[in-house]
Amino acid sequence: MMGSALDKIFDSYSGESIFKNKRVLQISHTPVTISHRDQQIEAVASILAPALKGERASNLFVYGKTGTGKTLCVQFVTNEILKRVQDSGKDFLKVIYINCKLKKVADTEYRILAEIISALGERVPATGLPTDAVYSRFIEIIERKKQLVLVILDEIDQAVKKISDGFLYTLTRLNSELKNAQINLVGISNSLTFMDDLDPRVRSSLGEEELVFPPYNALQLQDILRERSGEAFAENVLDNDVIPKCSALAAREHGDARRALDLLRVAGELAEREGSKKLTLEFLDKANQKIERDKMLDIIQNEPKQHQLVLYSILSLHDSEKNPLFTGAVYNKYQELCQTCKFESLTQRRVSDIIAEFDMLGLINVDVISRGRQGRTREIKLMLPEPIKTRAREMLTEGLMI
DNA sequence: GTCAATTCACATGAAAGAGACCACGGTCTAGTG
DNA sequence: CTAGACCGTGGTCTCTTTCATGTGAATTGACGA
């Protein structure tokens, strides 16, 4: 019995694959040509061009929603610059790319700095040193020779939200202390309003040049998908209306190309898994649901126990109580649960923050409302669709042993 | 009926503590020649 | 004599608590028409 089940799975893989080269659809893949971004690439290139001669360019700040090609374009241009410099046999340019959003990699001032240093080929302990010691280490390293260090800080808004903008100020001001080396900053942000709540000094030095990446529209997304799918899939696999539908779905999500590619890839995987020779609309719909579902469940699963307990409280109240829910009720339920499963209960202050975090994650929707004499509170609405909700409840019941 | 004061139930902020992790330098210990 | 084990100190980081302050509309109660 076991054997036949395995046979079925492996057979569907060993047969003709509908993929020709799946890697093309992965987000890490850098395409040879970038469509519909000529203008932006030119702009980035002309701003950063002085780096070709080892001169400090203007600090650049790039905005745009997720999946609009910001990172791609900046990396493309800096790679070209680096290639040219290296081709001429020089090595006065260092390009360092840091994604500030990756947890445990770069979400504190110390770690960002450590990350830069390790990109320069030096080691620095993961913790244990005073931050200013790391700064002087950094200065010492780059001062060893005359060079230009181009630091690209991706998702910089995330970092600043967590740390404060102080480190950006220090970083921009560092140049006046350096004799040999120069630092050039490129900030990439998803949030359009990010610049507004920065310290004015940082704003002026970081935003010497600014660039906005508009979202792709549905037609542009179609072009991109056609290009990539040509390489990714075998011939005659795609139904005609798959790409338009796919780009329409993604365009609805503020023109996110990454999402569109993901969708296509997952749809392909689903089709392949079911042994289908064709990628039809049906698979696209399934993929759309699956991505959403996996994302949510993944988030829930990886939350700490206390957070899960709060979420479980919300889930169970959501069914029994009348909507909407308020903080007080959730907290009471939470304390009750803590007693039954012998957990230490957190303070209301903390639970309040946890609820706010869930809102950020999109698991729930929260409005702060004032109910007059009934005080001020959060109105909590659960955002999980029915199937996900059920699955989440099962998962939490199991994980928390309730 | 109108209007300002009151009041509720939290939201929101700031500061500080606990506990985990880690580097560094000094001291102790056991193995080596 | 020396390498490695071990310890104390001092640093970061995350999660949490404690204390303090803020908030916005329903409610209240005084006031005047």
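Every chain is numbered from 1 and lettered A, B, ... according to where its sequence line falls, protein lines coming before strand lines.
At whole-Å resolution of the value, CG in A/L325 and C1' in B/dA9 are 16 Å apart. Rounded to whole Å, the distance from CD on A/E344 to P on B/dA18 is 15 Å. Look at CZ on A/R376: it is 13 Å from P on C/dA26, rounded to the nearest Å. At whole-Å resolution of the value, CZ in A/R350 and C1' in B/dA18 are 14 Å apart. Residue A/D353 contributes atom CG, which lies 9 Å from atom P of B/dT12 at whole-angstrom precision. Look at CZ on A/R349: it is 12 Å from C1' on C/dT21, rounded to the nearest Å. Between the NE2 atom of A/H307 and the P atom of C/dT14 there is a distance of 13 Å, rounded to whole Å. Atom CZ in A/R137 sits roughly 12 Å away from atom P in B/dA23 (whole-Å rounding).
Distances shown here put a side-chain N or O of A/R378 below 4.0 Å from the OP1 or OP2 atom of B/dT12. Between A/S370 and C/dT23 there is no side-chain polar atom (N or O) within less than 4.0 angstrom of OP1 or OP2. The phosphate of B/dC10 (OP1 or OP2) has no side-chain N or O of A/T327 nearer than 4.0 angstrom.
Nearest nucleotide to the side chain of A/Q348, out of C/dT16, B/dT12, B/dC10: B/dC10.
Salt bridge present: A/R144 and A/E140 bring a charged side-chain N and a carboxylate O closer than 4.0 Å.
Annotation: of the two residues near DNA chain B, A/G328 and A/R373, the 5′-most nearest-nucleotide partner is A/R373.
A cation-pi contact, defined as under 6.0 Å to the ring centre and within 45° of the axis, links A/R371 to A/F326.
A distance-only check finds a donor-acceptor pair linking the side chain of A/Q306 to the backbone of A/E344 [under 3.5 Å].
No more than 12 heavy-atom neighbours from other residues, nucleotides or ligands sit within 6.0 angstrom of NZ on A/K179.
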